[in-house]
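Just passing along the structure, written as structure tokens.
Counting from 1, the numbers follow the sequence of the chain as shown. All values below come from the heavy atoms of this structure, side chains included, with hydrogens, waters and symmetry mates left out.
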Amino acid sequence: MIYIPDEAIDRMIGEDIPYLDLTTWALDIGGKRGKIEYFSREKAVLCGTEEVLRMLVKLGVAPEFSLPSGTVIEPQQVFLSGTGTAQSLQMAWKVTQNLLECCSGIATKTRRIVDKVKSVNPAVSVASTRKSFPGTKAMSVKAILCGGAAPHRLGLSETVLVFKEHAGFCGGPDALVERIGELKSRVPEKKLVVETDSVEYALRLCRAGVDCVQFDKLSPDELLAGSAELRAVNPNVVLLAAGGIDEHNAAAYAASGVDVLVTTGLFFAKPLDMSVRLLPEGE
């Protein structure tokens, strides 16, 4: 689904284990064998099991069983297990649990929002912004994919998205409209997206030939009133709603006539309540 390089896996491990597990060494129990089992205390959409398996192997734990990311699990359901020495199991415990709780939390929240949106209009997509917490983008994007959303924009190099902050350097909104044809000719293989907080300006953009209009912080009622007018000007225009979209209003925005809901809220989900059992051999 998404490639996570070994360097990223090693960095996550190194954050928790800079040198050794001092407690296990001091107790002199490192050589004893046992088993590790992962389960959730609540219903969840899994994310991160593939990376956890790689962590386990790097730390000397032999995987036994695992469900793939994207799987919906029930409370108390074991979804991953492995065997190894106490030294390996103790080192693997928290770093893997933390990754699973955070990523599965994002995936589960994303699925809830996507389900609400699809129940209103199956044709509407949910997309994340590029505003993930720095250093977590790859796993955050994987999590929203597992939840059924899509990345709206992975980075500045990917799409042409013009904000008012760009228009200011072009001479203002009026000057930007005059440059739409020129802009499209410079990147003819890319769709041109322009953000606005006005249906009136959106109409001007549609007449000028933009491919997509992204509305910032307009209410569902405002969007519903304007979407039909915009499609009368350009039936193929893609309409996006952004700004303040969350679990509480996603359904209303899904009924507003737009094609895509863009939200940062997917990334900032409460970690799930997951747990790990460490079982000494013979128990």
Donor-acceptor side-chain pairing of Ser140 and Thr136 below 3.5 angstrom: yes
Considering all heavy atoms, the nearest Val233-Cys206 contact: CG1-CB, 3.9 Å
Tyr38 vs Thr96, side chain to side chain donor-acceptor pair (under 3.5 Å): CA-CA, chis, key distance, verdict: CA-CA 10 Å; Tyr38 299 77; Thr96 54; 2.7 Å; yes
Rounded distance (nearest 0.5 Å) linking atom CD1 of Ile144 with atom SG of Cys103: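 These two atoms lie 12.0 Å from each other.
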Salt-bridge present (Asp174, Arg204; N to O < 4.0 Å): yes
Shortest non-hydrogen contact from Gly148 toward Arg111: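 In this case the closest contact between Gly148 and Arg111 is N-NE, 4.5 Å.
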Atom pair CG/CD1 of Asp21 and Ile29 - distance to nearest 0.5 Å: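 Here the interatomic distance stands at 8.0 Å.
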Results of side chain to side chain donor-acceptor pair (under 3.5 Å) for Gln87 - residues two or more places apart only: none
Joint hydrophobic cluster, Met91 plus Val57, side-chain heavy atoms closer than 4.5 Å: no
Single-linkage hydrophobic cluster, 4.5 Å side-chain cutoff, Leu203 and Tyr201 together: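 Per the 4.5 Å side-chain linkage, Leu203 and Tyr201 are co-clustered.
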Pair Thr263-Thr129, side-chain contact (heavy atoms from CB on, under 4.5 Å): steps then yes or no: CA-CA 6 Å; Thr263 175; Thr129 68; 5.8 Å; no
Main-chain N/O of Ala255 paired with Asn121 side-chain donor or acceptor, under 3.5 Å: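 The answer is no, because no donor-acceptor pair under 3.5 Å joins these two groups.
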Nearest atoms (heavy-atom pairs only) where Ala208 meets Ile180: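 That closest heavy-atom pairing would be O-CG2, 3.4 Å.
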Polar side-chain atom of Lys43 near backbone of Ile73 as donor-acceptor pair, under 3.5 Å: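 No: the side chain of Lys43 does not pair with the backbone of Ile73.
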Side-chain (Glu182) to main-chain (Arg179) donor-acceptor, under 3.5 angstrom: no
Heavy-atom side-chain proximity of Leu99 to Met139 below 4.5 angstrom: yes
N/O donor-acceptor pair under 3.5 Å between Lys131 side chain and Gly265 backbone: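 Side chain of Lys131 to backbone of Gly265, a donor-acceptor pair under 3.5 Å: no, none is there.
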Co-membership, hydrophobic cluster, residues Val120 and Ile113, 4.5 Å side-chain: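 Each belongs to a different hydrophobic cluster.
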N/O donor-acceptor pair under 3.5 Å between Thr159 side chain and Leu161 backbone: no
Separation between NZ of Lys58 and CD1 of Ile13, rounded to the nearest 0.5 Å: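 Those atoms lie 6.0 Å apart.
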Straight-line distance of Trp93 CH2 to Asp16 CG, nearest 0.5 Å: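 CG of Asp16 is found 11.0 Å from CH2 of Trp93.
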Approximate separation, where rounding is to 0.5 Å, of Leu261 CG and Leu239 CG: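 Rounded to the nearest 0.5 Å, the CG-CG separation comes out at 11.5 Å.
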Worked verdict on Arg54 versus Asp6 for salt bridge (charged side-chain N to carboxylate O under 4.0 Å, His left out): CA-CA 9 Å; Arg54 290 165 63 188; Asp6 271 351; 2.8 Å; yes
Working for salt bridge (charged side-chain N to carboxylate O under 4.0 Å, His left out), residues Glu64 and Lys35: CA-CA 9 Å; Glu64 283 191 331; Lys35 182 175 184 176; 3.4 Å; yes
Co-membership, hydrophobic cluster, residues Val193 and Val260, 4.5 Å side-chain: yes
Heavy atoms of other groups near Phe169 CZ, more than 12 under 6.0 Å: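 Counting other residues, nucleotides and ligands, CZ of Phe169 stays at 12 neighbours or fewer.
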Shortest non-hydrogen separation from Ala242 to Gln214 and the atoms involved: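 Smallest interatomic distance, heavy atoms only, reads CB-NE2, 3.9 Å.
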Leu27 with Leu278, same ILVMFWY side-chain cluster at under 4.5 Å: no
Pairs flagged by side chain to side chain donor-acceptor pair (under 3.5 Å) wherever residues 71-85 is involved - sequence neighbours left out: Thr85-Ser88
Sidechain-backbone polar pair: Asn249 side chain, Asp246 backbone, donor-acceptor under 3.5 Å: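 Checking the backbone N and O of Asp246 against the side chain of Asn249, a donor-acceptor pair under 3.5 Å is found.
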Nearest heavy-atom neighbours spanning Tyr253 and Gly243: OH-O, 4.4 Å
Basic-acidic side-chain contact under 4.0 Å: Lys142, Glu50: yes
Validation row: Leu176, Val162 side chains within 4.5 angstrom (heavy atoms): yes
Under 3.5 Å: donor-acceptor pair, side chain of Ser104, backbone of Cys47: yes
Side chain proximity check, Ile9 to Ile4, heavy atoms < 4.5 angstrom: yes
Pair Val258-Leu240, side-chain contact (heavy atoms from CB on, under 4.5 Å): steps then yes or no: CA-CA 6 Å; Val258 301; Leu240 305 93; over 6 Å; no
Side chain Lys116, main chain Glu247, donor-acceptor under 3.5 Å: yes
Ion pair Lys164/Asp197, N-O distance below 4.0 Å: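 No salt bridge links Lys164 with Asp197.
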Side-chain donor or acceptor of Thr49 paired with backbone N/O of Leu67 under 3.5 Å: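 Checking the backbone N and O of Leu67 against the side chain of Thr49, a donor-acceptor pair under 3.5 Å is found.
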Step-by-step side-chain contact (heavy atoms from CB on, under 4.5 Å) determination, Leu272 to Thr108: CA-CA 8 Å; Leu272 285 185; Thr108 303; 3.5 Å; yes
Heavy-atom closest contact (Ala44 atom, Met274 atom, distance):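 Result for this residue pair: CB-CE, 4.4 Å.
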Reported CD-to-CD distance for the pair Glu195 and Glu165, which is rounded to 0.5 angstrom: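 Answer for the CD-CD pair, Glu195 versus Glu165, is 7.5 Å.
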Pairs flagged by salt bridge (charged side-chain N to carboxylate O under 4.0 Å, His left out) wherever residues 249-278 is involved - sequence neighbours left out: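 Sorted result for residues 249-278: Glu37-Arg277, Arg41-Asp273, Arg231-Asp259.
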Pair Leu89-Val61, side-chain contact (heavy atoms from CB on, under 4.5 Å): steps then yes or no: CA-CA 7 Å; Leu89 297 175; Val61 178; 3.8 Å; yes
